[in-house]
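Some notes on the structure that comes next.
Every chain is numbered from 1, with letters handed out A, B, ... down the list of sequences.
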There are 2 protein chains.
Amino acid sequence: MPDSAFKEIRHLALFSQMADDTFSALMRGAYVQNFPAQIELITEGDPSDFLHVVLSGSVDLFSSWNGRETSLATVRPISTFILAATIKDAPYLMSARTLEKSRIALIPSQDVRAVFDIDGSFARAIVTELAQCYRSVIKAQKELKLRTSLERLANYLLRQQRRTGGTAAFSLDYEKRRLASVLGMTPENLSRAFKGLEPFGLQIEGTRVTITDQAEFERFAKPNPLIDDASA
Amino acid sequence: MPDSAFKEIRHLALFSQMADDTFSALMRGAYVQNFPAQIELITEGDPSDFLHVVLSGSVDLFSSWNGRETSLATVRPISTFILAATIKDAPYLMSARTLEKSRIALIPSQDVRAVFDIDGSFARAIVTELAQCYRSVIKAQKELKLRTSLERLANYLLRQQRRTGGTAAFSLDYEKRRLASVLGMTPENLSRAFKGLEPFGLQIEGTRVTITDQAEFERFAKPNPLIDDASA
DNA sequence: CACTATGATTGACAATTATCAAGATCGCAA
DNA sequence: TTGCGATCTTGATAATTGTCAATCATAGTG
């Protein structure tokens, strides 16, 4: 594995507290690979052979059932995915595909479990990471069950606005069909939802979004830290 | 804390591997309390002062937003809840109320975090527990996004059938209004969903359910281990 | 034994969301 | 630039789900 990737991974909260030798041991079996866009990295149901780390690009986590498909999350650099499956030595619950050209590190799951068993600080780091993941999914679940599609879109836009610096105008970070799937609706309805938000102070042109009346827009969206704050 | 409760908690996977003295230390600040039905134990947004353990009875985890409310899970003996909030020292994302008369152990969160920092085996046990919780929520999320309300009900019934021993006739374990909320629908629609499943081999009288044509019913429900198996 | 309160069901209706079928638009490559 | 393919949008329609009101069933309670 190239030195640069090694360093990037080392800086992740998950690995930063480990002893040098255990980290080296963990990296010994790991390797980095470049993938083109739209490559299926893992398939739900498969055994979890590797813990994945996205070094660059982005990855879509999705799931299918009975001919339907839905996006559950997007993984951006630098972070890991399918940690829970790796730890439990259980099959993947989600599939993963690259959204764009991506560089991914693959760390053998059995090495992760072995180090986890001997290195307490690594175990603690994993706890923190998993607790974070768990709370994120709970928030997603609340959003899905408590909000209409219009409300979900409005709050997504507010979150995206904050992520991109808080200015009135910003752009969507991925294509609308995926956004629709993430938000639990069809692309057609997403289009209509954008239209439906215009009376509350939204303008949209292609991928460019402008919140023209922040107060009114937030009055409609009713953002809530217990659903919308990534950190809380 | 009474000796019996102490023993029950000790047998939980979460605590069974701890050293005796750390377990004692953890239990020193803990106490057990009896609650009547319909008592709100915790409120979402509050700081997570205690890790809770349900010793008897049952607890509903729910959440509210903008005047709406939804049930996210039911906790039955013997298990803990709001572990993630305790670990992260973050506010509760869900509220909790007793569904019936319940006995609950309360363990100060700061003690849990303190022990977690010094006891590697406890940290590892927490990881396993959290990974399990995480995967459960992912499954719930998949169910909600990929299945219609009829399909969710059908698969819930198959899971309940398995939990209660697999016989054709069995009974619902909680009231229908809560079931509706858990499944993400209104009580009215749950009523209609039960009716809608009759052509596929279901009979229902009050709280008593009979699957009269198992093969046909499963053909409709299409259960999937990556959504419906509690263990996977 | 009524009486009451609560939950469950039903029907009528409204709102939301999905589906299908055209078009419109955009990005990209020849 | 032109043309192609994909995404996005729009309209018409259907399916699903939610809301409201009324009724029914049931379990306690006096």
Side-chain angles (χ1 to χ4, degrees), chain A residues 36-38 60 65-71 97 99-101 143-157 171-200 202-209 220, chain B residues 36-38 60 62 64-71 97 99-101 143-157 171-200 202-209 220:
Chain A
Q38 305 300 334
D60 180 34
W65 178 80
N66 195 25
R68 295 162 222 167
E69 181 183 308
T70 188
S71 282
R97 71 162 81 87
L99 287 168
E100 52 194 309
K101 198 166 165 304
E143 168 141 70
L144 207 54
K145 290 184 79 173
L146 290 168
R147 289 174 171 163
T148 66
S149 61
L150 238 80
E151 291 163 345
R152 293 199 297 276
L153 175 58
N155 282 290
Y156 167 81
L157 292 174
S171 55
L172 300 173
D173 57 350
Y174 41 55
E175 57 178 352
K176 291 183 181 172
R177 68 202 319 261
R178 276 203 66 246
L179 177 57
S181 183
V182 168
L183 294 176
M185 55 176 125
T186 57
E188 292 95 326
N189 266 324
L190 178 62
S191 253
R192 293 177 188 117
F194 274 118
K195 281 263 159 62
L197 288 177
E198 284 175 3
F200 302 103
L202 184 81
Q203 269 186 6
I204 176 150
E205 289 182 49
T207 182
R208 196 81 196 147
V209 177
F220 173 81
Chain B
Q38 305 301 336
D60 181 33
F62 65 100
S64 307
W65 178 80
N66 195 24
R68 295 162 222 167
E69 180 182 308
T70 187
S71 282
R97 73 164 79 88
L99 287 167
E100 54 194 305
K101 198 167 164 305
E143 168 141 70
L144 206 54
K145 290 184 80 174
L146 290 168
R147 288 174 171 163
T148 66
S149 60
L150 238 82
E151 290 163 346
R152 293 199 296 276
L153 174 59
N155 281 290
Y156 167 82
L157 292 174
S171 55
L172 301 174
D173 56 351
Y174 40 56
E175 56 178 353
K176 292 184 182 172
R177 66 203 321 261
R178 276 203 66 246
L179 177 56
S181 183
V182 168
L183 294 177
M185 54 178 128
T186 58
E188 293 94 328
N189 266 323
L190 178 63
S191 257
R192 293 175 188 120
F194 274 120
K195 281 264 159 62
L197 288 177
E198 283 175 3
F200 302 103
L202 185 82
Q203 269 186 5
I204 176 148
E205 289 181 48
T207 183
R208 197 81 195 147
V209 177
F220 172 79

### Summary
Angle separating the five-pair end axes of the helix from dC1(C)-dG30(D) to dA30(C)-dT1(D), nearest 10°, is 30°
### Query
How many angstroms lie between atom CG of Leu179(B) and atom CG of Leu153(B), to the nearest 0.5 angstrom?
6.5 Å
### Message
Has Lys145(A) got a side-chain atom pairing as donor or acceptor with Glu69(B)'s backbone, closer than 3.5 angstrom?
### Response
no
### Exercise: identify the closest heavy-atom pair between Leu99(A) and Gln38(A)
O-NE2, 3.9 Å
#### Entry: Pairwise salt bridge (charged side-chain N to carboxylate O under 4.0 Å, His left out) hits with a residue in residues 180-200 of chain B, at least two apart
none
#### Entry: Inter-residue atom distance Glu151(B).CD - Leu146(B).CG, 0.5 Å rounding
9.5 Å
## Note on the structure
Quick tally for nucleotides 7-17 of chain D: nucleotides whose base has a protein heavy atom under 4.0 Å get B, sugar-phosphate-only ones S, the rest -, giving SSSBBB----S
### Task
Mind listing the closest non-hydrogen atom pair of Leu183(A) and Leu190(A) along with its distance?
CD1-CD1, 4.4 Å
### Query
Taking only residues two or more places apart in sequence, or in another chain, which ones meet Phe220(B) in a ring-ring contact (aromatic ring centres under 6.0 Å, His included)?
Phe200(B)
### Task
Tell me, please, the opening and closing nucleotides of DNA chain C, 5' to 3', among those with an atom under 4.0 angstrom from a non-hydrogen atom of chain B.
dG7(C) to dA12(C)
### Task
Nearest 0.5 Å please: distance from the CD1 atom of Ile204(B) over to the CG atom of Leu157(B).
7.0 Å
### Task
Could you tell me the separation between the CG atom of Asn155(A) and the CZ atom of Arg147(A), rounded to the nearest 0.5 Å?
3.5 Å
### Task
With sequence neighbours excluded, tell me which residues meet salt bridge (Lys or Arg N to Asp or Glu O under 4.0 Å) with Arg208(A).
none
